[in-house]
K.L.:
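Below: one structure in structure tokens.
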Amino acid sequence: GAIVGTYTVGNGPTGVVFDGTNIWVANFYGNTATKLLASTGAIVGTYTVGNGPTGVVFDGSNIWVTNRNSNTVTKISPGSQTISFAPLSDQTLGAPPFVLAATASSGLAVGFVSNTNTVCAVSGATVTLVAIGTCSITAVQSGNANYGAAVPVTQSFAVKYPQVITFGALSNALLSSPPFPISANASSDLPVTFGSTTPGVCTISGDTVTVVAAGICSITATQVGNVNYAAAAPVSQSFAIVGPVNHTQIGGALALTQF
């Protein structure tokens, strides 16, 4: 056969093994193991082992080197890496496509895969929402000559229908006004909840407002959503509560004083 390449390694090479991607050589006099990319012969790593390495084997995960002069065995693990992929926020159906972000400790590029193509599709790092449900996306990094594959990391989020609240303007009221009802509705037809942000001026129970003092009453309508609908953006309305008016005759003029 023809020689297709000669590659320099360490001093006194005595053992060699193939790990499926790389060639590992034990260098007896250099007390090292050399890692070469099998496809090119390029050295991608040199590792210090024990004294007088002679044999080298691959167990499917790690490289083992026997060191004759030190009566030891050295275990070498291919470079490890981890993926950082933060939790993803829930989304509303109809939102524009968005870009994912994840990093590998090796600095290698991270890929993404949708595990729920009927809910969300992934192209490159861009997610497109398809239907309501739970979207599950896995970040992957398969490794290279220097790094083993990273453990995949999966994040999931909910895709829900959007909804909006309709809450009309409220009329001003007198301090002497009896409790009165208000109304609002959500596009989802889910019930709307009311809360007073000015309890010193007005309170609310259910949908009934009770005036407490003169001032500006502010009421907020909310709808927190459910398994199919995202929470609606709160809507607030404010109105004035005015005190009684005192009529005073001064000469020929009528003076009005509000309390």
Side-chain angles (χ1 to χ4, degrees), residues 18-24 35-45 47 58-63 76-167 185-192 221-235:
F18 178 55
D19 68 5
T21 302
N22 306 286
I23 297 295
W24 294 79
K35 178 182 178 183
L36 304 91
L37 187 61
S39 59
T40 64
I43 293 176
V44 293
Y47 304 82
F58 178 57
D59 67 4
S61 299
N62 302 288
I63 300 296
I76 303 172
S77 175
S80 61
Q81 60 171 330
T82 57
I83 292 174
S84 296
F85 184 24
L88 301 171
S89 300
D90 291 347
Q91 300 288 323
T92 54
L93 189 63
F98 61 94
V99 178
L100 298 165
T103 59
S105 58
S106 62
L108 298 174
V110 175
F112 301 97
V113 178
S114 173
N115 307 308
T116 50
N117 285 305
T118 58
V119 177
C120 57
V122 175
S123 176
T126 301
V127 180
T128 300
L129 304 177
V130 177
I132 67 167
T134 299
C135 173
S136 174
I137 296 174
T138 299
V140 296
Q141 213 310 305
S142 58
N144 64 6
N146 294 318
Y147 290 92
V151 175
V153 178
T154 299
Q155 297 289 359
S156 298
F157 62 92
V159 180
K160 299 183 178 183
Y161 292 120
Q163 61 169 330
V164 294
I165 291 173
T166 301
F167 183 23
N185 60 75
S187 59
S188 62
D189 290 330
L190 295 173
V192 174
T222 58
Q223 212 308 306
V224 297
N226 63 8
V227 66
N228 291 324
Y229 285 90
V235 178

K.L.:
Among T116, N117, N115, which residue meets the side chain to side chain contact (heavy atoms under 4.5 Å, CB included) test with V119?
P.N.:
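The residue from T116, N117, N115 that satisfies side chain to side chain contact (heavy atoms under 4.5 Å, CB included) with V119 turns out to be T116.
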K.L.:
Check the surroundings of atom OH in Y161: do more than 12 heavy atoms from other residues, nucleotides or ligands lie under 6.0 Å from it?
P.N.:
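Open: at most 12 neighbouring heavy atoms sit under 6.0 Å from OH of Y161.
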K.L.:
I'd like to check V113 versus I137 (side-chain heavy atoms, cut-off strictly below 4.5 Å). Are they in contact?
P.N.:
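No, their side chains stay 4.5 Å or more apart.
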K.L.:
Where the side chain of Q141 meets the backbone of A109, is there a donor-acceptor pair that is under 3.5 Å apart?
P.N.:
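Yes, the answer is positive, given that a donor and an acceptor are paired below the 3.5 Å cut-off.
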K.L.:
Of the non-hydrogen atoms in A104 and L108, which two are nearest, and what is the gap between them?
P.N.:
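So the minimum-distance heavy-atom pair works out to CB-O, 3.6 Å.
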K.L.:
Which residues pass the side chain to side chain donor-acceptor pair (under 3.5 Å) test with T134, not counting sequence neighbours?
P.N.:
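Testing T134 for side chain to side chain donor-acceptor pair (under 3.5 Å), a comparison that skips the adjacent residues, returns none.
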K.L.:
Got a second to check how far I76's CD1 is from D19's CG, nearest 0.5 Å?
P.N.:
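With rounding to 0.5 Å, CD1 (I76) is 11.0 Å from CG (D19).
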K.L.:
Are T154 and S136 side-chain neighbours, meaning at least one heavy-atom pair lies under 4.5 Å?
P.N.:
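Yes - at least one pair of side-chain heavy atoms lies under 4.5 Å apart.
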K.L.:
To the nearest 0.5 Å, how far apart are OG in S187 and CD1 in I165?
P.N.:
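Interatomic distance, S187 OG to I165 CD1, rounded to 0.5 Å: 8.5 Å.
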K.L.:
Just by modelled atom types, is the V122 backbone N or O under 3.5 Å from a matching donor or acceptor in the S114 side chain?
P.N.:
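Pair absent, no side-chain N/O of S114 close to backbone of V122.
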K.L.:
Do side-chain atoms of S106 reach the backbone of Q81 as a donor and acceptor pair under 3.5 angstrom?
P.N.:
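No, the answer is negative, given that no donor and acceptor are paired below the 3.5 Å cut-off.
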K.L.:
Would you say the ring centroid of W24 lies under 6.0 angstrom from that of Y47?
P.N.:
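Yes - the distance between ring centres of W24 and Y47 falls below the 6.0 Å cut-off.
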K.L.:
Where do T138 and P152 come nearest, in terms of heavy atoms and distance?
P.N.:
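In this case the closest contact between T138 and P152 is CG2-CB, 3.6 Å.
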K.L.:
With sequence neighbours excluded, give me every ring-ring contact (aromatic ring centres under 6.0 Å, His included) pair touching residues 117-138.
P.N.:
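Listed by first then second residue: nothing to list.
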K.L.:
Is a side-chain donor or acceptor of Q155 paired with a backbone partner of F85 at a separation under 3.5 angstrom?
P.N.:
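At least one qualifying donor-acceptor pair exists.
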K.L.:
Please enumerate all residues that pass side chain to side chain donor-acceptor pair (under 3.5 Å) together with D59, with sequence neighbours excluded.
P.N.:
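Side chain to side chain donor-acceptor pair (under 3.5 Å) check on D59 returns W64.
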K.L.:
Identify the heavy atoms of I83 and A150 that sit nearest to each other, and give their distance.
P.N.:
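Minimum heavy-atom contact is CG1-CB, 3.8 Å.
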K.L.:
Measure the shortest side-chain to side-chain distance between T166 and V192 over non-hydrogen atoms and say whether it is less than 4.5 angstrom.
P.N.:
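T166 vs V192: side chains apart.
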K.L.:
Can you give each donor-acceptor pair under 3.5 Å made by side-chain atoms of residues 222-232, sequence neighbours left out, with the distance rounded to 0.1 Å?
P.N.:
from : atom 1 : to   : atom 2 : distance (Å)
T222 : OG1    : T193 : O      : 3.4
Q223 : OE1    : Q163 : NE2    : 2.8
Q223 : OE1    : G225 : N      : 2.6
Q223 : NE2    : P191 : O      : 2.9
N226 : OD1    : N228 : N      : 2.9
N226 : OD1    : Y229 : N      : 2.8

K.L.:
For a quick test of reading the model, state the closest non-hydrogen atom pair linking A139 to A102 and the distance between them.
P.N.:
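Of all heavy-atom pairs spanning A139 and A102, the closest is CB-CB, 4.4 Å.
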K.L.:
I'd like to know if the side chain of T40 and the backbone of A42 have a donor-acceptor N/O pair within less than 3.5 Å.
P.N.:
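The answer is yes, because a donor-acceptor pair under 3.5 Å joins these two groups.
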K.L.:
Name all pairs fulfilling the side chain to side chain donor-acceptor pair (under 3.5 Å) condition that reach into residues 83-103, sequence neighbours left out, sorted by first residue then second.
P.N.:
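Side chain to side chain donor-acceptor pair (under 3.5 Å) check on residues 83-103 returns no pairs.
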K.L.:
For residues 123-130, please give each side-chain donor-acceptor pair under 3.5 Å, one per line with the distance, not counting sequence neighbours.
P.N.:
none

K.L.:
Write down the atom of F18, the atom of I23, and the distance for their closest heavy-atom approach.
P.N.:
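Result for this residue pair: CD1-CD1, 3.6 Å.
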